[in-house]
Asks: 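What follows is a single structure, and I will ask about it in a moment.
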Amino acid sequence: MTSALDITQAVKPPRAVFVNFPLGHQTGKPHQPELQRRIVADALRAFETIAQAGTIVELPYVWDANDRSWEERDYTKGWMPVPPSPEETDAAEAERRARFAKPA
Amino acid sequence: MRARKRNRKRRPGAARIRELDPERREAQSVVRMQSHGPVRPTAANMPVAYIPRTRELYRDFTPYRWVVNDTVPWTPLRKPVRECRLALISSGGIMYRDQPRWHREDASWRRIPKSARREELSIWHFGYQTRDAQEDTNCVFPLERLRELEADGVVGELCDPAFSFMGGIYSARKVRDELAPGIVDELKRAHADAFFLVPA
C-alpha cells in the first residue's frame, strides 16, 4: 500500500497499490470505515490481479474533489506540527503506560 | 516478467543505495484501476513527488540515501486471498497498550494482538502527520477492516499478531539486515502466505 508513488517506484516492491492521499492515510480517512474497507479490499484484490513483478495499481479514490491544495502542502515545511519537548514526550509516554499498566 | 541480468558483484537481494535523481523517470508500469469507485480524470493524476520534498524538509541534515532497487523479486501467490493466511504490517509506529515507544534509529517492532481494540492502540512517529491516525489507527493500520474482511470470507485468515515498526529509520542497512529479516522470521513462524504492508 503506498501514497508516495516516486518512493515506491524506486523501491520496486513486487506488488503495490497506490492511493493519492496525504501521507498518514494510506488506508483511508479517519472514521470512514466504508472507504477504508473499500481501499483495503481493492488492495487485496491486487494480490490476484497483478501478474507482472513491479506493477503498481492506482486506485481511483480522490481525497477532496473540490480542493487539491493538500498536494501543495503535504510534507513541506510547516506541515508537521511542532514536535513536543522531550519533557512533554516523556510525560505523555508515562501517562500512556500508566493508563495501560493493568493487564487487558 | 521482464528478464533482468543480475549484478554478480552484489549479494543477492542486497539493495543498492544511492542518491536518487528526482528528475529521473522510472520505467515502470502503473496500472490505473477503474472498475469501481469514483474515476479520477487523467489530467488530475499528478502524484506528489515525496523524494524532493523529503530532501527539502530535511535539508539541514545529511541527505538521505534512497534505496533504489534495480530488480523486482517475485513469488507467485499460489492460492486466492480468501484461502490465504494474511499478516498485517505497518511502519506507522503503532503501539498496543503499554508497549514502549520508539526512539531514533530504533529498528524494533511491536506485536499487536489481532483482537486489539482501537482504544488500546496509539502511535509514535516523528516523520508524518499522525493526527488523523491517532484518532483512527485504521488510516495506516487497518486491523478492524481486515478483521471484518476475514469475517466476510474475503481473507482466509488474518494472522495473530499483526506487526508494527516506526519507519523513520535513517539507516537502510539496519532495515535490510535487522528489521526485515526479524519480521520475515515472524511471518514464517506464523505460516503467513502473504503480508499486507502499509508504509506510513
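The analysis underlying the following values was restricted to heavy atoms, covering all of them including side chains, and did not include hydrogens, waters or symmetry mates. All chains are named by letter (A, B, ...) in the order of the sequence lines, taking the proteins before the strands, and each is independently numbered beginning at 1.
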Asks: Among A:L35, A:T2, A:I7, which residue forms the greatest number of heavy-atom pairs with chain B at distances under 4.5 Å?
Replies: A:I7

Asks: Heavy-atom distance under 4.5 Å to chain B: side chain of A:I50, backbone, both or neither?
Replies: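 Both parts, backbone and side chain.
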
Asks: Picking from B:R118, B:R131, B:E135, which has the most non-hydrogen pairs under 4.5 angstrom with chain A?
Replies: B:E135

Asks: What are the two closest non-hydrogen atoms of B:C139 and A:G24, and how far apart are they?
Replies: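 It is CB-O, 3.5 Å.
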
Asks: Taking atom CG of A:D64 and atom CH2 of A:W70, what is their separation to the nearest 0.5 Å?
Replies: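 Reported value, rounded in 0.5 Å steps: 10.5 Å.
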
Asks: Surrounding CZ of B:R82 (heavy atoms of other residues, nucleotides or ligands, distance under 6.0 Å), is the total greater than 12?
Replies: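 No, because the 6.0 Å sphere around CZ of B:R82 holds 12 heavy atoms or fewer from other groups.
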
Asks: Using modelled atom types and a 3.5 Å cut-off, is there a donor and acceptor pairing between side-chain atoms of A:T27 and backbone atoms of A:Q36?
Replies: no

Asks: Between B:I123 and chain A, which part of the residue has a heavy atom less than 4.5 Å away: side chain, backbone, both or neither?
Replies: neither

Asks: What pairs with A:W79 under side-chain hydrogen bond (donor to acceptor under 3.5 Å, both in side chains), at least two apart in sequence or on another chain?
Replies: A:D74

Asks: Using heavy-atom distances under 4.5 Å, tell me whether B:L197 contacts chain A through its side chain, its backbone, both, or neither.
Replies: backbone

Asks: Identify which of A:R99, A:Q32, A:E72, A:K29 forms the greatest number of heavy-atom pairs closer than 4.5 Å to chain B.
Replies: A:E72

Asks: When only pairs under 4.5 Å are counted, which of B:E56, B:R145, B:E144, B:M95 shares the most heavy-atom pairs with chain A?
Replies: B:R145

Asks: Pick one of side chain, backbone, both or neither for B:Q134, based on which atoms fall under 4.5 Å of a heavy atom in chain A.
Replies: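 Neither part.
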
Asks: If you tally heavy-atom pairs under 4.5 Å against chain A, which of B:G92, B:P113, B:P100 wins?
Replies: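 If we count pairs closer than 4.5 Å to chain A, B:P100 comes out on top.
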
Asks: Restricting to non-hydrogen atoms, name the atom on B:W109 and the atom on B:F163 that form the minimum distance, rounded to 0.1 Å.
Replies: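 For B:W109 versus B:F163, the nearest heavy atoms are CD1-CD2, 3.9 Å.
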
Asks: Of all the heavy-atom pairs spanning B:N69 and A:V11, show the shortest one and how long it is.
Replies: ND2-O, 2.7 Å

Asks: If you tally heavy-atom pairs under 4.5 Å against chain B, which of A:A4, A:A101, A:P33 wins?
Replies: A:P33

Asks: If the condition is ring pair (Phe, Tyr, Trp, His ring centres under 6.0 Å), which residues does B:F196 pass it with, not counting sequence neighbours?
Replies: none

Asks: Among the options A:H25, A:Q26, A:M80, A:R96, pick out the one with the most heavy-atom pairs lying under 4.5 Å from chain B.
Replies: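 Looking at each option in turn, the highest pair count goes to A:R96.
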
Asks: Rounded to the nearest 0.5 Å, how far apart are CD of B:E157 and CZ of B:R85?
Replies: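 Here the rounded value is 4.5 Å.
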
Asks: Is the side chain of B:W102 donor-acceptor paired with the backbone N or O of B:W124 at a distance under 3.5 Å, no angle test?
Replies: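 Not at all, since once roles are kept as given, no pair shorter than 3.5 Å links the two residues.
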
Asks: What residues of residues 180-195 of chain B sit under 4.5 Å from chain A when only non-hydrogen atoms are counted?
Replies: B:A194, B:F195

Asks: Need one label for B:T130: side chain, backbone, both or neither, based on atoms under 4.5 Å from any heavy atom in chain A.
Replies: neither

Asks: Hey, which of B:L77, B:V140, B:V81 has the most heavy atom pairs under 4.5 Å with chain A?
Replies: B:V81

Asks: Measure B:T75 against the heavy atoms of chain A and call it side chain, backbone, both or neither at under 4.5 Å.
Replies: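 For B:T75, the backbone is the part near chain A, not the side chain.
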
Asks: Look only at the side chain of A:T55 and the backbone of A:R15, and say whether a donor-acceptor pair between them is shorter than 3.5 Å.
Replies: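 Judged by distance alone, no pair lies under 3.5 Å.
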
Asks: Residues two or more places apart in sequence or in another chain: which of them pass side-chain hydrogen bond (donor to acceptor under 3.5 Å, both in side chains) with A:S85?
Replies: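 Only A:E87, A:E88 meet the side-chain hydrogen bond (donor to acceptor under 3.5 Å, both in side chains) criterion with A:S85.
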
Asks: Walk me through it: do A:V17 and A:F47 pass the test side-chain contact (heavy atoms from CB on, under 4.5 Å)?
Replies: CA-CA 10 Å; A:V17 173; A:F47 269 120; over 6 Å; no

